Every structure is written in structure tokens, then in C-alpha cells.
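A quick write-up on the structure given underneath.
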Amino acid sequence: MDCGPLGVLDLLSARAGPAGKSWDWTTSDPYQRLLLTLITIFRDRIISGGFLTAKQLHHLTAELHEHLAKPETFVIHCLFFQAWARKPA
């Protein structure tokens with residue numbers, strides 16, 4: 001039996017069954033555009049850090065904005081999970 005960090009979660013999941021919760025957002029929800037908001041906040045740092053030029057960042061954010069505006073687009077937030085166990089007697 002693998003008891004590394006992921007092995008323990010695999011073992012617990014196998015015994016208890018997987019359970020998780022995710023949030024998904026559509027075009028009507030402001031959280032769907034959270035990444036665009038963060039890019040706006042950190043725009044100067046992104047450019048000054050040399051990650052992207054202003055032109056590249058503008059192009060990519062315009063593409064993302066266009067993609068998020070499509071009604072069939074939804075965003076899934078990161079998956080949260082908890083692992084519960086009992087201490088052996």
C-alpha cells in the first residue's frame with residue numbers, strides 16, 4: 001500500500017467514496033470574470049515583470065473577454081475537497 005501524501009487520499013477515497021464540490025459560473029455571474037479582474041489589477045506587474053508585452057496582454061485579455069461573453073461558456077472554479085478518517089484503535 002502506498003502511504004505517500006496522495007496514496008493516503010487514494011486510500012481514504014476508496015474506503016469512503018469520492019466527494020467534492022465545485023462552483024461553476026456562467027456569463028451572468030461576476031465571478032466568471034474573476035481572472036480578467038485580477039489581470040486588470042496586476043497588469044502593470046505582469047508587463048514590468050517581462051511576462052508579456054502590453055500588446056500581448058491586451059490581445060490575450062480581449063480573446064478571453066470574447067470567449068467569456070459566449071453564453072455556452074462556463075467557468076469551473078477549483079475543486080475543494082476534504083478527507084476524513086478515523087484513528088485506528
Side-chain angles (χ1 to χ4, degrees):
M1 170 182 9
D2 177 12
C3 287
L6 295 178
V8 170
L9 291 178
D10 288 340
L11 177 64
L12 292 172
S13 179
R15 288 186 181 174
K21 171 67 178 156
S22 68
W23 286 265
D24 59 300
W25 297 299
T26 58
T27 55
S28 62
D29 196 312
Y31 280 107
Q32 189 214 36
R33 299 187 188 294
L34 182 59
L35 180 59
L36 285 172
T37 301
L38 292 172
I39 290 170
T40 301
I41 292 168
F42 294 107
R43 181 184 185 280
D44 293 339
R45 286 186 184 184
I46 293 169
I47 294 168
S48 67
F51 300 105
L52 295 168
T53 65
K55 185 177 178 178
Q56 290 171 322
L57 185 60
H58 175 75
H59 176 74
L60 291 172
T61 53
E63 282 187 348
L64 180 57
H65 189 332
E66 183 181 321
H67 176 68
L68 292 174
K70 296 177 183 176
E72 65 271 13
T73 301
F74 66 93
V75 174
I76 299 175
H77 192 65
C78 57
L79 184 65
F80 293 99
F81 66 93
Q82 292 180 335
W84 294 79
R86 293 185 182 155
K87 183 176 179 180

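Below, each value reflects all heavy atoms present in this structure, side chains not excepted, and no hydrogens, waters or symmetry copies. Numbering starts at 1 and runs along the sequence shown. Quick caveat, the model's predicted, so the values are computed rather than measured.
Contact detail for L68 and R33: the closest heavy-atom pair is CB-NH1, 3.3 Å. Between A54 and R43 the shortest heavy-atom distance is CB-NH2, 3.8 Å.
Taking CD1 from I46 and OG1 from T53, the interatomic distance works out to 11.5 Å, rounded to the nearest 0.5 Å.
Taking the side chain as every heavy atom from C-beta outward, L60 and L64 never approach each other to under 4.5 Å.
Partner of L52 under the side chain to side chain contact (heavy atoms under 4.5 Å, CB included) criterion, chosen from L57, I39, T61: L57.
Side-chain contact, H59 with E63: a donor N or O sits under 3.5 Å from an acceptor N or O.
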